[in-house]
Amino acid sequence: MSSLVVDLMLCGMAYVVLIYFIATLTKARIPRNRDNGDDGDGGVEDLTPPKIDLPPGVIWPADGPVKRMKEPVDA
């Protein structure tokens, strides 16, 4: 075999070995025997919707003027 084929085979094997080590080292390590009730997402839970700053003259439909039905006048 030519030296090019040998070099390509060695590079291929080195690539496979490196990918294997990277995959095993970056795997999440979560111990299975501890159950502390933590779901793991962290942070503070905030269920209020965000306050969005609208440009001048634009309002949300819920904040718009309310149309009221006028009572009929008895004469």
Side-chain angles (χ1 to χ4, degrees):
M1 287 194 284
S2 72
S3 63
L4 178 64
V5 174
V6 173
D7 286 343
L8 288 176
M9 288 175 42
L10 288 175
C11 287
M13 288 191 315
Y15 178 76
V16 169
V17 169
L18 285 174
I19 294 300
Y20 172 76
F21 282 126
I22 290 173
T24 56
L25 292 176
T26 59
K27 183 172 46 174
R29 295 187 176 129
I30 300 173
R32 298 187 191 278
N33 57 0
R34 292 188 337 191
D35 185 23
N36 58 3
D38 184 19
D39 58 358
D41 62 351
V44 177
E45 186 172 336
D46 186 15
L47 300 177
T48 59
K51 181 70 175 166
I52 298 176
D53 188 24
L54 296 174
V58 179
I59 60 171
W60 290 105
D63 298 335
V66 178
K67 293 184 180 179
R68 295 186 181 141
M69 298 293 290
K70 294 184 179 181
E71 295 291 325
V73 178
D74 290 332

Subject >> Cluster check Val58, Ile52: I/L/V/M/F/W/Y, side chain < 4.5 angstrom >> reply: yes
Subject >> Qualifying side-chain hydrogen bond (donor to acceptor under 3.5 Å, both in side chains) pairs, either residue in residues 4-22, two or more places apart >> reply: none
Original post:
Between Thr26 and Ile22, which heavy-atom pair has the shortest distance, and what is it?
Top reply: OG1-O, 2.7 Å
